[in-house]
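The structure under discussion appears below in the form of structure tokens.
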Amino acid sequence: MATELGTALPAAGLAGLRHWRHDLVAGLQVALLWTPFSLGVAVASGAPPIAGLISAVVAGLLYPLLGGSHVTVSGPAAALAPVVLWGMLTLGGGDLAAGYPLVLVAIVLTGLVQLALAAARVGQYAAMLPATVVEAMLAAIGIMIVVRQVPALFGVAAPPSPSVVQSVAAWPHLAAAVEWTVAPIGLASLALMFALRRWGRSGPLRWLPSAIVVAAFGVAGGWLVGLPPGQLVRLPTALADSLTFPAFAEVAARPDLWLSLAVVVVTFTMIDGVESVASVKAVDKIDPWRRKSDANRTLRAMGVCNLASGLIGGLTVIPNAVPSRANIDAGARTLWSNLYSGLFLLLFVFALPGLLGRIPLAAIAGVLVYIGWRLCEPALFARMLAVGRDRFLVFVATVAAILATDLLVGMLIGIALELVLLIYLLTPSLRFVLTGRLGPRDAAALLWKNFSGMFRSPVIKHRTEERAGVTVHVLTMGSLVGFNLLALEKLVERLPARHGLALRFTESARIIDHTAAEFLQHVEEEFAAAGRPFAVEGLANFYPFSAHPLAARMQEPHLAREQAQRDRRAQQMAALAAELGLEFSAGTRATVNRHGFIYLRRGDQREESNLITGVRPGGRVAIFDYGHTSPPDYHVTHRHTLLVYEPADPSAWPEFVLTPGHYLERYLVGLREAEGAPLPEGYRLYTPPGGAVPAFSPALAAAIAAAGPLYLESRRGALLAFCPHRELEEPAMVRRLHALAADLAVPQPRL
């Protein structure tokens, strides 16, 4: 099978070993990241630091043999550190040393439960959890990490606290214990993490994980000030003698622990499952080959890894988005990069124990505080508010519930709140009953119909039509929410590979929630990438809760028909469209990457607005404002004005990417840099291996210089252009982008 840009789809299984050169380099990068990262997760969990390395090694060695995904990296996760700490405090009665062997029993049992759930194919059900509740869980975990690591940042060994409130309340009492030789190292480490986030994406440091740079800085700083052993990571001199094993005998002899153990296992299983599915789906979106992971196989693999890790004293193991991103950026092709990272980690543990033992705990705290901040930063709250006030309410309430109780109870409260909110939205208005427009019995029957519809298949009717010679499956839909998505997802997966899909929302559908809107966007992306027809019909009668393309919406025809007042930018672009004789649409919609542009694969929350379209001599032009989020700014929207030009002759241009300097270099998987081609000054040209190389005429080079510096990409008979160094373009620059289309209409000679 061949993918876009002429690169072969990397083989899975044993055949994937032929990609060892790429995977070996990626494995080294991941191991460099895992070393301080896994140590930090263990420290944040209250476990011995070696436990983090053990779980990372176990996951690295076992995960490639079990499959389930393609470039996802598994191991200990910072998001689970507060959960493990809570489990140790719960089972150990507040004593971490006593709770550690007991929590290992819980990890082993969690692995067994995961294996049973995978055998029953339950892994797919984790995706039914409301997306907002999952986001809130991660934000609450980020707050926990930050609060509990602040004392360590200043060299203070704070006693573990079961709640965030108690941890914050203890800060004033810990102020007198601040170590002023340690605090500068911790604060500088944290500042360095943020600095590398902003400026470390270029220059010699761009290939080194930020965490390893900070760890090296910490080692140097600790050596200069002569930090005592108590302020450094403690690693055993003999690994075999330091292994801790699960306390099965103690659990069997203490029935008073069984209920608490069951609660810990259920919590681990639930959080592991939700985070695993969320991480795998997130990584699938940034996989250069857009391969899809198997949720149940992943759950089975995590069960085996947790079982093995717990038996020899390691932490819980899940797919992890942070090292997975590093894995992809380093050029990984297959899951075997996990194996190489595990082998490198083993080498580090046995060959460099003295060096690892010189890393200051304050530097580790700096890395953890940064990671926690990334999970809960204010931009995330702002994004949830932008999606809709309903989402913001559920999000904030779930975060507060988790912080006030614990993760399991807080998530259950969030799910319950989601249900209550949906019931409220679907409840017939009391004024209809009071005014006699609806009888009490009819109102109750309507409420029950709407409520029960949230848990049964949303597909009311399924038939096929022939459209333009393609078989299209037309599904008449009822209300679509996160709790009934699974039936639709299974049906879509069973459709023949080349058939199209049309979802028709009629008056039977009352609501489409945020989780469902995310699912519809994902399906549309998949169908567009495969060149299959896809349509959502009937949305004109739905009123969106906000301007966000993934906002929930209810069927309110009279509100949907009211045209919202255009903002200044929309008025500006509308006037420009009229001046150019083009059509204009002000609405915000999810971006569908129909042409497979590499740039449009990046990040998440992709949306476009203020769309200017029309036909010009030689082709069709589209200019629009585009926004997306991408690492490391996961919750900050990056905006640019894009030009997409489709020549009348799709073969007029070969496939290529023209970049100003090294822009997007690490994402250009499967391309090679063209040497010796005449290019505008300061640009680099990338083409598929063996592909034709365009020769840019002086007129086109001048047009690019006038509108630039531009990123220019040719894919599937279309060209994309924008300036990566500017955000939304002013009208004058939009006119230049429009003028550029005329130059792109002229085919260029090929070398």
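Bear in mind the structure is a predicted one, so any value in this text is a computation, not a measurement.
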Name the residue from V317, N320, I271 that meets the side-chain contact (heavy atoms from CB on, under 4.5 Å) definition with L80. I271

Hey, can you tell me if H640 and Y599 have their rings parallel, tilted or perpendicular (30° and 60° cut-offs)? perpendicular

Can you list every pair that meets salt bridge (Lys or Arg N to Asp or Glu O under 4.0 Å) and has a residue in residues 519-540, with sequence neighbours left out? K292-E526, R467-E537, R504-E537, E524-R594, E525-R606

Taking only residues two or more places apart in sequence, or in another chain, which ones meet V399 in a side-chain contact (heavy atoms from CB on, under 4.5 Å)? A136, A139, A140, I143, F395, L403

In terms of the angle between their ring planes, are F597 and H595 parallel, tilted or perpendicular, with boundaries placed at 30° and 60°? tilted

Apply side-chain contact (heavy atoms from CB on, under 4.5 Å) to P549 and list each qualifying residue two or more places apart in sequence or on a separate chain. T588, A590, E607

Look at the rings of F505 and F542 and say which category their plane angle falls in: under 30° parallel, 30 to 60° tilted, over 60° perpendicular. perpendicular

V409: side-chain contact (heavy atoms from CB on, under 4.5 Å) partners, not counting sequence neighbours: T405, D406, I413

Do the ring planes of Y626 and F624 sit parallel (below 30°), tilted (30 to 60°) or perpendicular (above 60°)? perpendicular

Going by side-chain contact (heavy atoms from CB on, under 4.5 Å), name the residues that satisfy it together with N450, two or more places apart in sequence or in a different chain. L426, L446, R510

Between H628 and H638, do the side chains contain a donor N or O and an acceptor N or O under 3.5 Å apart? no

Restricting to pairs with a member in residues 71-87, which pass salt bridge (Lys or Arg N to Asp or Glu O under 4.0 Å), not counting sequence neighbours? none

Could you walk me through whether D625 and T641 satisfy the side chain to side chain donor-acceptor pair (under 3.5 Å) test, starting with their C-alpha distance in whole Å, then the side-chain angles of each, then the deciding distance to 0.1 Å, before giving a yes or no? CA-CA 4 Å; D625 294 337; T641 301; 3.1 Å; yes

